[in-house]
Amino acid sequence: MEAKAVSALGIAGACSVSAEETEKWMEEAMNMAKEALENVEVPVGCLMVYNNEVVGKGRNEVNQTKNATRHAEMVAIDQVLDWCRRSGKSPSEVFEHTVLYVTVEPCIMCAAALRLMKIPLVVYGCQNERFGGCGSVLNIASAELPNTGRPFQCIPGYRAEEAVEMLKTFYKQENPNAPRSKVRKKECQKS
Ligand SMILES: [Zn+2]
């Protein structure tokens with residue numbers, strides 16, 4: 001899919017990304033996803049860009065940290081908060097003008113976190129069929145949730161095939177930290 005210049009207007013003012021920016025940042029996010037895969041983590045990589053500067057980035061590190069919440073987006077959010085502290089900027093000002101570039105559709109948890117941080121725009125690669133929070137399972141991104149931050153706009157499908165290939169490679173291999181539940185076994189027998 002070709003990247004288009006898209007503006008998220010009407011949500012937190014103006015926030016737009018060019019095709020060149022998308023290409024540049026998504027390339028970096030893809031490299032981080034590859035690194036995650038090499039480290040036996042769910043291959044998701046992401047960057048948060050504010051004023052053309054990377055203010056936070058992350059890859060999934062759930063297995064490494066043995067903490068199920070350490071998705072790439074959560075790692076990146078913490079880095080942006082650190083960046084705000086160091087540069088004396090208010091997080092609300094920064095997040096409201098930050099674009100997230102991520103290789104996979106954010107999950108339900110991360111989509112809710114992005115709403116709470118009031119990130120206006122998310123560019124992502126493939127769909128997250130298991131846990132997606134931008135339409136695949138639930139649409140937290142644009143749901144009417146008056147007490148959960150703000151909705152955000154998505155630009156999906158950038159290098160989606162590559163991103164989904166990485167996910168497939170990951171789920172084919174055995175995850176040494178996965179719990180062996182009955183539900184999981186049933187799923188395996190079906191496929
Ligand atoms: Zn997530």
Side-chain angles (χ1 to χ4, degrees), residues 8 25-26 28-50 54-83 91 94-95 98-143 145 147-160 162-171 173 175-179 181 183-184 187:
W25 302 129
M26 284 302 277
E28 211 171 312
M30 286 289 172
N31 287 335
M32 294 177 69
K34 270 174 218 156
E35 191 202 297
L37 185 60
E38 282 157 15
N39 287 276
V40 204
E41 300 281 359
V42 176
V44 182
C46 76
L47 282 88
M48 295 214 180
V49 179
Y50 169 73
V54 178
V55 288
K57 54 183 180 175
R59 64 153 170 90
N60 188 299
E61 40 186 64
V62 164
N63 286 330
Q64 180 193 325
T65 59
K66 302 229 181 333
N67 177 341
T69 69
R70 299 311 282 163
H71 288 189
E73 298 92 324
M74 303 301 251
V75 173
I77 286 174
D78 283 346
Q79 286 196 4
V80 176
L81 288 169
D82 269 349
W83 185 89
V94 172
F95 278 109
T98 290
V99 178
L100 166 67
Y101 298 87
V102 57
T103 56
V104 180
E105 174 190 355
C107 73
I108 291 164
M109 171 185 76
C110 291
L114 298 169
R115 279 185 72 114
L116 290 169
M117 304 319 284
K118 298 181 179 147
I119 286 183
L121 180 61
V122 175
V123 180
Y124 69 80
C126 67
Q127 287 188 307
N128 182 343
E129 283 176 8
R130 293 183 171 207
F131 310 111
C134 308
S136 291
V137 179
L138 290 178
N139 199 339
I140 300 296
S142 63
L145 298 164
N147 298 317
T148 310
R150 280 196 201 130
F152 57 87
Q153 187 166 331
C154 293
I155 306 174
Y158 190 81
R159 287 170 73 172
E162 228 174 299
V164 90
E165 263 327 298
M166 281 195 268
L167 282 180
K168 278 185 191 162
T169 306
F170 176 81
Y171 284 115
Q173 68 198 2
N175 178 354
N177 292 315
S181 73
V183 177
R184 256 190 112 81
E187 266 179 7

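Counting convention: from 1, in listed order, for ligands and their atoms alike.
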* Is a side-chain N or O of E41 found less than 3.5 angstrom from the main chain of Q64, in a donor-acceptor match? -> yes

* Within a radius below 2.8 Å of the Zn ion (ligand 1), how many protein N, O or S atoms are present? -> 3

* **Name of the residue among P106, C107, S136 meeting side-chain contact (heavy atoms from CB on, under 4.5 Å) with F131** => C107

* Asked: Are there more than 12 heavy atoms of other residues, nucleotides or ligands under 6.0 Å from atom CD of E129?
  -> no

* **E162 side chain vs M30 backbone, donor-acceptor pair below 3.5 Å** => no

* To do: Using modelled atom types only, decide if a donor and an acceptor are shared between the side chain of R70 and the backbone of E61 within a distance under 3.5 Å.
  => no

* To do: State whether the side chain of E105 and the backbone N or O of N128 hold a donor-acceptor pair below 3.5 Å, judged by distance alone.
  => yes

